[in-house]
Each structure stands twice: as C-alpha cells, then as structure tokens.
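Shown next, in structure tokens, is the structure this report addresses.
Residue numbering restarts at 1 for every chain, and letters A, B, ... go by the order of the sequence lines.
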Number of protein chains: 2
Amino acid sequence: MSKPTIRQLEYLIALQETKSFSKAAALSNVTQSTLSAGILDLEESLQQRLVNRGRKNITLTSFGEETCESAQKIMEEIDHLSYRAQAIKSPLCGPLRLGVIPTIAPYFLPRLMPRLKEQYPALELHLFEDISENLFEKLRRNDIDIALMAFPYKTHGMTQCPLFKEQFFLAMPKSLTTKENFAKLDDLDQQDLLLLEDGHCLRDHAVEACNLQIPSTRKAYSATSLQTLVQMVNNGLGVTLLPEMAVQTDHLPENIKILPFKKPQPTREIGLVWRKNSPKSGEFEMLSTVMTG
Amino acid sequence: MSKPTIRQLEYLIALQETKSFSKAAALSNVTQSTLSAGILDLEESLQQRLVNRGRKNITLTSFGEETCESAQKIMEEIDHLSYRAQAIKSPLCGPLRLGVIPTIAPYFLPRLMPRLKEQYPALELHLFEDISENLFEKLRRNDIDIALMAFPYKTHGMTQCPLFKEQFFLAMPKSLTTKENFAKLDDLDQQDLLLLEDGHCLRDHAVEACNLQIPSTRKAYSATSLQTLVQMVNNGLGVTLLPEMAVQTDHLPENIKILPFKKPQPTREIGLVWRKNSPKSGEFEMLSTVMTG
DNA sequence: TATTTACAATCGGAAAAATCAATACTAATT
DNA sequence: AATTAGTATTGATTTTTCCGATTGTAAATA
C-alpha cells in the first residue's frame, strides 16, 4: 500500500495524452516496459484500475481520469516550485506577457520601458493592448501573465496590486473661456461631455467619478481613443476628462485648455492584476516597485 | 537539475514542523542521515538554500517556507488520490462529520438515519447542530466535512447541492379562526408574527419570502427553537411560519391551526454544502441521493 | 487456417537511488 | 579541555528503477 510516485503520475499523464503505452513511453523517455510496469505499480498501490486495456485502443477509467487531473495539479505545483527556485536567482528574466489597457499604454509604457530595460535587461516583454474585460479573460485563460489596468474593477480569483492614483483633468476648447482656474464636477452635465466608446473602463470611471447619468443618445459622440477624443475637443465639439498621464505626456493641440478639478477631484487608480496562484507572484511584486518608483 | 521527490518534500514538511533534523527524521521514520541527505539533495536540485542551519536552532528560508507550502498542497493532493481510490471500493464508510441547522435537524434526521444505516451500515455519522453561519465557518476550517442547510445562502468556494424545496405554512392559534382555508402573504404584517432569534436562516428566509420589514422591536418575541415557537403560538401570542417538515413531523399542540399559503407560496430550499476540493465529493453525491430518495 | 502485426506484460540483470549505521565535524556549554 | 547537542559525511546494503529481450494475446492479413 505504498504511495504514488511523481514518475508514475507522469506516466499516467503521458498515457492519457497518447492513449498508447508505447507512445507514452517514448514521450516520457523510457522504454515501454518501464512505463507499463510503472502504471501497473500505480494501479497496485491505489488498488484500482486506471486504464481500460482494449485490444485496439486504450482509455483511462473514470477513476483514471480523476487521478490524472490530480496528477496534473501536482505536476503543475512542482513546476511552479522549480520555476520559483530559478526566478529567485534571476528574477524578471525571459518572456513575460503584459496586457495594458488603451488609456494607459501610450502614456505609461514610454516612461516604463527604459527603466525596465535598465533594471531587468533580460526581460522579454510581450505587450497586449486591450480593454479591461478582454485582458481579464486573457489572464484567466493564461494567454497573458499580468495586466496593467485601472481600478475599481472586479477581478475574481486574481491579486490586485494598486500602484498609484491619478486625477482626471477637464479638457476644453480655449474658446469656452471662463475666468475660473478650476473646474467643478457640478459644471459637467451642462456641457457636451465627450467620452470613449463603450467597453473602455475610463468611460465607466469618468461616469462613476462624476456621478453622471449618461443618456445613451450621447453615444453618437463617443471616440475610440483618447487621442481622437482630444482632437474632437480641439475642434470645439465638447469637453472631456483626461487622466493625469495623458495631460503630462501628450503633445496637446493648440486649442485645448486643461483645468484641474476642485475637490472632490475625480480620480482613477492604476494597478496590476495577476492570477492569485501565479508562480511569478514574487516577480510581479518587484515589477510593481519598478512601476511606482 | 533533477526534480524534487515526494519523499524529499515530506522531509521538508517534517523539518518545518519539528525545526530539527533529528526529530524530523524520527517523524519521517528514517535516520537522521537519510533526512539530512534528502534535504541536501532537494537544495541541490532546486539550487536554493531551504534551511538556515543555525547552531542552536534551524529555520526555513523564505523560499523554504514557500516550497513547504507547495509541498503541503502536493501531499494533500496525493492523500486525496489515495483516499478516493479507497472510497470507490467502499464509499460512505468510516467517520463523516455532518453539520445540520437547527430548523432541519429534529425533523429530517429521524427520517434520514434509518435509511442511511441501511444503505451504508459502516458509516459513522458525527452530527453537529448549529446555525448556517457557524456551519459554514466549521466547513472552511475543516471541522466538519459537509453541512445540511437551507438556501439561498452564499457559500463561497463550496459546492452547493440542492436537495428539495419545501413550502412554509402559517401556524396560528385556533382562536383566530377565519373562514379562509388558505393564508395570504399580504395578511401577515397585520398580525403578530413570531420568529426565531437572529442568526437562524429560517428567520431570514421567512422575512425574505414574505417581503417583510421586521422592526427590531419585534425581537422581544423571538424564540430559540421552532418547538418553542410553536408553544408560543399555541398560547395565542401570535402566528408564525413553519417549514413543511416541521408540520409533517411535529406532534403539534391542540390549539394550533396550520394553513397553507395561496400562491405565491413562500418556500425555502434544503441542500448540502461541501468544500469544492473535498476528496469526498463523489461520496457526497451519493449521500444526496439517499437524502432525496 | 495459418501468419503476420501490433501492442502490452513479464523476466532477469544492471544501474541508480535511498537508506542505514557509524563516524566526523562544529559550535556552544560545562 | 571535555562534554553536549546538533548536522554532515562516508561506505556498505537494500530497494527501486530502468532497460533489453522475450512472451503472450488478440486482431488483421494472407
């Protein structure tokens, strides 16, 4: 009544993948006899058949499938173990798939990349620009390792790591001059507020921050990027909210005037999101300090 | 650069528990030299120190702790594996800790136990009666294996297995005679509705079902068990809602009249809850069929 | 029907590993 | 300096793993 072996569990996984003892053996880099014996041992130690040995093709029993799932979990955990051991010695090294929302990417990445290159020259950053919803889905499916996005956003089963808050500014055409040097939230719904199209969290956060009811008729004015939005404001079509980083970085057109808000200032929070069980969690913490620093 | 061994991970866990190579060795039923070599091998294969070897006492490095957590997950998964292999051959056998809420236990268990004894004579049922909140906590802490309770109730990270719905009946003193043979939900807030004390989900479900605002002043009337509540109704102190099983089973006092509700009938759902990753999930499914059948 | 094919199980021996018992080593304590 | 309390090391022994060759068996083919 001994315990299953990691090797035996590997054999079982290979067997499930190949549905053949000989192929599974090749996959596991052992001879067929070894794998056969290994599986028999496993069945012996569990006192349960794992494989239906048909003449033409073999299948796993339902308990075999169940066992295989556990085996995969175990192998995954072991891989994580080894990965982390490696990552301690040379963290943030090799490929890393980073998702970024469109209202952050063009402003934050140019600042980030040089610093990252300097501190972690071996890091291969693969970028994916998409809206929060899609990034979240990509995270869940392990299509990306980590996402840079704006909160509040519910990310179940993930770790959220807030980096910093930034305030929104009012961008208006110079023609709409006021003597005021500050905008007030109350003023907003009286004017033509231009927003990004649906799906951009910036839109939601702006709406939320300003406590506005946006009638769907306004959708006619929605734009697909902040740059476009700025152009629309420049042409006198209305006003909009711009996040701090867009104001600092963008080469803004002539005809645009930026006003800060009086308190309460509308803000959004920028942060990282990753799967709670990611083996790279430790490295992501380090990444976050590069991003805040 | 080989892979960690299950045995090595066991050694590490023993080491964390005992903080001593010799004691850990004894715990693992090997000699001190074996365990020492095992840990060294593990450190070698991960290329990382796992143990701070102080003269007086040893500690795990932070990576050692991290590795130990993974090791525990792995061991747990392996235990599950072995347990399930065993459980297939003789399911629902041995000790099982079942939590039951007080508004179900006295009515349902007398019906359940004989059938359970018949179908699974080797099952050792240990019963824990408590309110939903505490049962949930006991589940989380693995103080019980499974709970029988009433829905809706949010049980995060658990599997809910609904068994059946039961309707509520109105229990009133015979003195309050109406010509009606049915009660209506609208009638309720005009009368003295007696409820269980706070914490009982029956109270919440009744309130919810009847769409009532219960002023806290009514608390004066609250009782600690359905039996007590029935006595209060019997003494003409008011009316109450009783679940179907209480009506069917209880030897109700003379002075009480039971009325069914007109549609929409208020109901509650009875079901099982267990940890999603419980190795006994398969057996619990079987248990549920005994309970519905 | 006889033969071939395809595949898993089994066997015996060799290589690798895990383990033990004894011993060496090291720092703190007496 | 001797003792103590702990871990590391060593060499022999047992156990496990693995290979290569062989056997066994049902299906496919001739």
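At D/dA8, one or more side-chain N or O atoms of B/Ser36 fall inside 4.0 Å of OP1 or OP2 (strictly under the cut-off). In this model, the phosphate group of D/dC19 is approached by a side-chain N or O of A/Thr31 to a distance below 4.0 Å at OP1 or OP2. Of the side-chain N and O atoms in A/Ser33, none sit less than 4.0 angstrom from OP1 or OP2 of C/dA9. Contact annotation: B/Arg7 side-chain N/O to C/dA17 OP1/OP2 distance is not under 4.0 Å. A/Ser22 has a side-chain polar atom (N or O) that falls below the 4.0 Å cut-off from OP1 or OP2 of C/dA8. OP1 and OP2 of D/dT16 both lie 4.0 Å or more from every side-chain N or O belonging to A/Thr5.
When the P atom of D/dC19 is taken as reference, atom CZ of A/Phe21 falls 16 Å away, rounded to whole Å. Between the CD1 atom of A/Ile6 and the P atom of C/dA17 there is a distance of 15 Å, given to the nearest Å. Rounded to a whole Å, the CG atom of A/Asn52 is 14 Å from the P atom of C/dA8. Computed from coordinates, the B/Leu50 CG to D/dA8 C1' distance equals 16 Å when rounded to whole Å. Distance OH (B/Tyr11) to C1' (C/dC20): 11 Å, rounded to an integer number of Å. Summarising the geometry, the separation between CG on A/Leu35 and C1' on D/dG20 is reported as 16 Å, rounded to the nearest angstrom. A/Arg53 has its CZ atom 14 Å from the C1' atom of D/dG24, to the nearest Å. Note: CD (B/Glu44) to P (C/dA17) measures 12 Å, nearest angstrom.
A side-chain N or O of B/Glu283 and one of B/Tyr83 form a donor-acceptor pair less than 3.5 Å apart.
Across all strands, B/Asn29 comes closer than 4.0 Å only to sugar-phosphate atoms, never to a base (heavy-atom distances).
A donor-acceptor pair under 3.5 Å is absent between the side-chain atoms of B/Thr5 and the main chain of B/Arg7, judged by distance alone.
For the pair B/Met149/B/Ile131, no side-chain contact is recorded, criterion being any heavy-atom separation below 4.5 Å from C-beta on.
In this structure, A/Lys165 places its NZ atom where only 12 or fewer heavy-atom neighbours from other residues, nucleotides or ligands lie under 6.0 Å away. B/Lys23 NZ: 12 or fewer foreign heavy atoms inside a 6.0 Å radius.
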